[in-house]
Amino acid sequence: MPQNKKEGIFFTTIVCFSMVISMSAYNLLLHGQFSLSNLFGGLVPGFIVAFIFDVLVVSSPAKKIVFSLPVNKEKKIQLIIAVSSCMVLGMVFFMSMYGVFMQFGFTENFLRYYVDAFAKNLIMALPLQLLLVGPLCRMILSMSRQSNWLKETND
């Protein structure tokens with residue numbers, strides 16, 4: 001878990017980027033539209049939208065919810081699973097909306113498409129975050145601490 005502002009920004013960026021590229025590939029494959037040009041064409045706008053939702057909308061309420069739950073905060077793994085799960089739920093809620101809007105616009109079938117996208121995205125995003133992206137990004141954060149480049153200075 002990040003221990004200062006620099007680590008928080010770094011960690012949020014790598015987790016967000018990893019999830020956006022993975023979930024974009026997954027959704028393109030689901031719709032039979034996967035190509036590197038489609039993947040990378042939507043990556044920057046998708047990352048920007050996801051980062052904004054993460055930082056400004058999802059993160060604070062997700063953490064408030066977790067700290068109101070009967071989670072043993074002394075056990076790091078329980079805290080990680082709870083925060084990651086709440087973050088995934090919030091991000092899937094908003095990013096599924098974004099994806100449906102980008103693909104279909106606001107049509108009469110928007111709600112049906114959204115519910116379908118939400119379910120399919122949650123099925124993929126939760127295990128992806130808990131089993132692959134989260135542990136990998138925490139390992140990268142840990143390695144970056146060893147190099148001291150994320151240490152905050154009081155200059």
Side-chain angles (χ1 to χ4, degrees), residues 1-31 33-100 102 114-153:
M1 302 289 279
Q3 296 173 349
N4 62 48
K5 198 99 164 154
K6 276 186 185 177
E7 286 185 5
I9 292 167
F10 175 71
F11 187 71
T12 299
T13 302
I14 61 174
V15 169
C16 189
F17 179 81
S18 300
M19 289 299 290
V20 168
I21 197 164
S22 301
M23 293 303 294
S24 294
Y26 168 71
N27 277 284
L28 288 167
L29 285 166
L30 275 180
H31 295 98
Q33 297 174 348
F34 183 84
S35 70
L36 289 179
S37 64
N38 284 345
L39 180 64
F40 292 115
L43 186 59
V44 171
F47 172 76
I48 291 168
V49 169
F51 192 85
I52 290 168
F53 274 126
D54 187 320
V55 172
L56 299 179
V57 180
V58 175
S59 181
S60 184
K63 289 174 186 170
K64 284 180 185 171
I65 290 167
V66 167
F67 284 102
S68 71
L69 294 173
V71 174
N72 185 346
K73 282 96 180 157
E74 301 298 316
K75 294 193 177 187
K76 202 171 188 177
I77 189 68
Q78 286 186 19
L79 198 56
I80 288 169
I81 291 169
V83 170
S84 295
S85 298
C86 282
M87 288 295 297
V88 166
L89 280 168
M91 291 303 291
V92 168
F93 178 85
F94 288 108
M95 292 306 290
S96 294
M97 203 175 295
Y98 169 77
V100 170
M102 293 306 292
Y114 172 74
V115 170
D116 184 57
F118 180 87
K120 288 178 181 172
N121 286 331
L122 187 59
I123 287 168
M124 181 63 172
L126 193 56
L128 178 67
Q129 171 63 18
L130 294 175
L131 301 174
L132 185 65
V133 170
L136 181 63
C137 290
R138 282 189 297 280
M139 183 184 74
I140 292 169
L141 177 62
S142 177
M143 290 170 33
S144 71
R145 281 187 185 130
Q146 294 171 359
S147 70
N148 283 334
W149 71 276
L150 289 175
K151 189 169 247 169
E152 288 193 341
T153 57

Quick one: does any side-chain atom of [X] pair with a main-chain N or O of [Y] as donor and acceptor, under 3.5 Å?
X: Tyr114; Y: Gly99; answer: no
X: Asp54; Y: Ala50; answer: no
X: Ser142; Y: Arg138; answer: no
X: Ser147; Y: Ser144; answer: yes
X: Asn121; Y: Ser96; answer: no

Distance check, rounded to the nearest 0.5 Å: [X] atom [atom1] versus [Y] atom [atom2]?
X: Phe17; Y: Ser22; atom1: CZ; atom2: OG; value: 9.0 Å
X: Leu89; Y: Met91; atom1: CG; atom2: CE; value: 12.0 Å
X: Leu131; Y: Gln129; atom1: CG; atom2: CD; value: 9.5 Å
X: Phe51; Y: Leu56; atom1: CZ; atom2: CG; value: 8.5 Å

Only distances under 3.5 Å count here; give the side-chain donor-acceptor pairs of residues 77-88 to other protein atoms, sequence neighbours excluded, each with its distance to 0.1 Å.
{"from": "Gln78", "atom 1": "OE1", "to": "Asn72", "atom 2": "N", "distance (Å)": "3.1"}
{"from": "Ser84", "atom 1": "OG", "to": "Ile80", "atom 2": "O", "distance (Å)": "2.9"}
{"from": "Ser85", "atom 1": "OG", "to": "Ile81", "atom 2": "O", "distance (Å)": "2.7"}

Check [X] against [Y] and note the closest heavy-atom contact, atom names and distance.
X: Cys137; Y: Val15; result: CB-CG2, 3.6 Å
X: Val133; Y: Ser18; result: CG1-CB, 3.7 Å
X: Leu69; Y: Lys73; result: O-NZ, 2.9 Å
X: Phe94; Y: Phe53; result: CD2-CE2, 3.6 Å
X: Thr13; Y: Phe47; result: O-CE1, 3.8 Å
X: Asn27; Y: His31; result: O-ND1, 2.8 Å

For [X], what residues pass the side-chain contact (heavy atoms from CB on, under 4.5 Å) criterion, not counting sequence neighbours?
X: Tyr98; result: Pro45, Val49, Met95, Met102
X: Ile140; result: Phe10, Ile14, Leu136
X: Ala25; result: Phe34, Leu39
X: Phe40; result: Ile21, Leu36, Leu43

**Request:** Using the side-chain contact (heavy atoms from CB on, under 4.5 Å) rule, take Leu128 and Met23 through it: C-alpha gap first, then chi angles, then the decisive distance, then the call.
**Result:** CA-CA 9 Å; Leu128 178 67; Met23 293 303 294; 4.0 Å; yes
**Message:** Among residues at least two apart in sequence or on other chains, which ones pass side-chain hydrogen bond (donor to acceptor under 3.5 Å, both in side chains) with Lys120?
**Reply:** Asp116
**Side-chain heavy-atom pair Ser60, Lys64 within 4.5 angstrom cut-off** = yes
